[in-house]
Amino acid sequence: MFPSTITTSLLLGSQLAAATLIQRETTQLVNSTACSNVHILIARGTTESYPGSLETLAEMITANNPDTTYENLVYPATDETTTNSYHVGKKAARKQLTSFVERCGHTDSQLVVLAYSQGAMVIADTLAGGGGDSTLGNLTAPIDYDIGKHITALVLYGDPRHAPYQPYNQGYETFNVTGKYPRSGLQVRYLTEHYGHVIHDYCNANDPVCASGTNITAHLVYPEIWDTTAAGWVQSVLDQN
Ligand SMILES: *[C@@H]1O[C@H](CO)[C@@H](O)[C@H](O)[C@H]1NC(C)=O
Ligand SMILES: *[C@@H]1O[C@H](CO)[C@@H](O)[C@H](O)[C@H]1NC(C)=O
Ligand SMILES: *[C@@H]1O[C@H](CO)[C@@H](O)[C@H](O)[C@H]1NC(C)=O
Ligand SMILES: *[C@@H]1O[C@H](CO)[C@@H](O)[C@H](O)[C@H]1NC(C)=O
């Protein structure tokens, strides 16, 4: 049952429950679109309820930065092969990123985007241009760089469109792996040239989604393995700005 699920979609179902989170010092998230010191946009993975497993990373960032708020990317996060979730997600990302820039682009508010699994594909494709794959449909244009350039840091966990050999790839021996829906060369180059400096793309070895692997557990343990590292990186970027 696992292999067919893995090859046809990013659906994880009850396997999500298998992911256990370790305890850390955190601060409760504040759901608000105010132009706060740090604003977090969270794009959850398939089948997760809001805000999803990125909550722990968002809590760490919130604990480290007074006046942090967050919003969810509002999209279905249902199976991308049988529903329009991916397409709805890209439209929502465009709208919510544009809205942030209109509201807060003239302020000191720093935008951090956290995205897991289908959410990572939706966010990174909004920046890189999407589609161009038999499952994901026609090519779509990247969001205007005048909008995208307002992202201070983007954390990707288990991106289904993970590309090998990119300077922002993070993980143990996954620098060279390819996700299940590889981006075109043009999309990869555009993403890396425009946004490479603000991305950390975490991919676990043998993850069926980002690494063409066979170990579904590897797709479910990003928070435990990477939250501390990712929060540290986000902080270093925030502190430089
Ligand atoms: C966050 O706030 C928005 C706007 O008030 C609301 O629609 C949404 O349901 C809230 N989300 C959560 C997870 O609380
Ligand atoms: C994709 O593009 C083709 C050719 O332009 C068009 O006929 C088709 O309707 C498009 N599909 C979608 C889902 O937009
Ligand atoms: C990636 O690199 C690792 C470590 O060097 C190697 O074991 C593995 O075979 C490589 N995988 C691919 C897909 O090239
Ligand atoms: C699958 O991944 C998990 C999490 O990274 C790891 O602990 C486990 O050893 C892996 N299983 C196999 C068979 O490699």
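Counting starts at 1 for both ligands and their atoms, in listed order.
- Side chain to side chain, N241 and T152 fail the donor-acceptor criterion of an N or O pair below 3.5 Å.
- Side-chain atoms of T140 come within 3.5 Å of backbone atoms of G130 as a donor-acceptor pair (strictly under, hydrogens ignored).
- Atom NZ in K95 sits 13.5 Å away from atom OG1 in T126 (nearest 0.5 Å).
- Those atoms of ligand 1 with a heavy atom of Y70 less than 4.0 angstrom away are 13 (C).
- For atom 12 (C) of ligand 4, the closest non-hydrogen atom on the protein side is N215 ND2, 3.4 Å.
- Interface of N72 with ligand 1, defined as ligand atoms under 4.0 Å from a residue heavy atom, comprises 13 (C).
- Between R161 and E80, no side-chain nitrogen of the basic residue sits less than 4.0 Å from a carboxylate oxygen of the acidic one, so the salt-bridge criterion is not met.
- Among protein heavy atoms, the minimum distance from atom 6 (C) of ligand 3 is reached at N176 ND2, 4.2 Å.
- Atom 14 (O) of ligand 1 is flagged as protein-proximal [any protein heavy atom, distance under 4.0 Å].
- Between D133 and K180, no side-chain nitrogen of the basic residue sits less than 4.0 Å from a carboxylate oxygen of the acidic one, so the salt-bridge criterion is not met.
- Contact annotation for T33 and ligand 1: no heavy atom of the residue comes within less than 4.0 Å of the ligand.
- Counted by atom type alone, T68 and N65 present zero donor-acceptor pairs between their side chains at under 3.5 Å.
- Of all protein heavy atoms, the one closest to atom 5 (O) of ligand 4 is V221 CG2, 3.9 Å.
- Distance check on atom 2 (O) of ligand 1: some protein heavy atom falls below the 4.0 Å cut-off.
- The protein heavy-atom contact nearest to atom 8 (C) of ligand 1 is N31 ND2, 3.8 Å.
- Between the side chains of T192 and Y168, at least one donor N or O lies within less than 3.5 Å of an accepting N or O.
- Looking from atom 7 (O) of ligand 3 to the surrounding protein, the closest heavy atom is E173 OE1, 4.6 Å.
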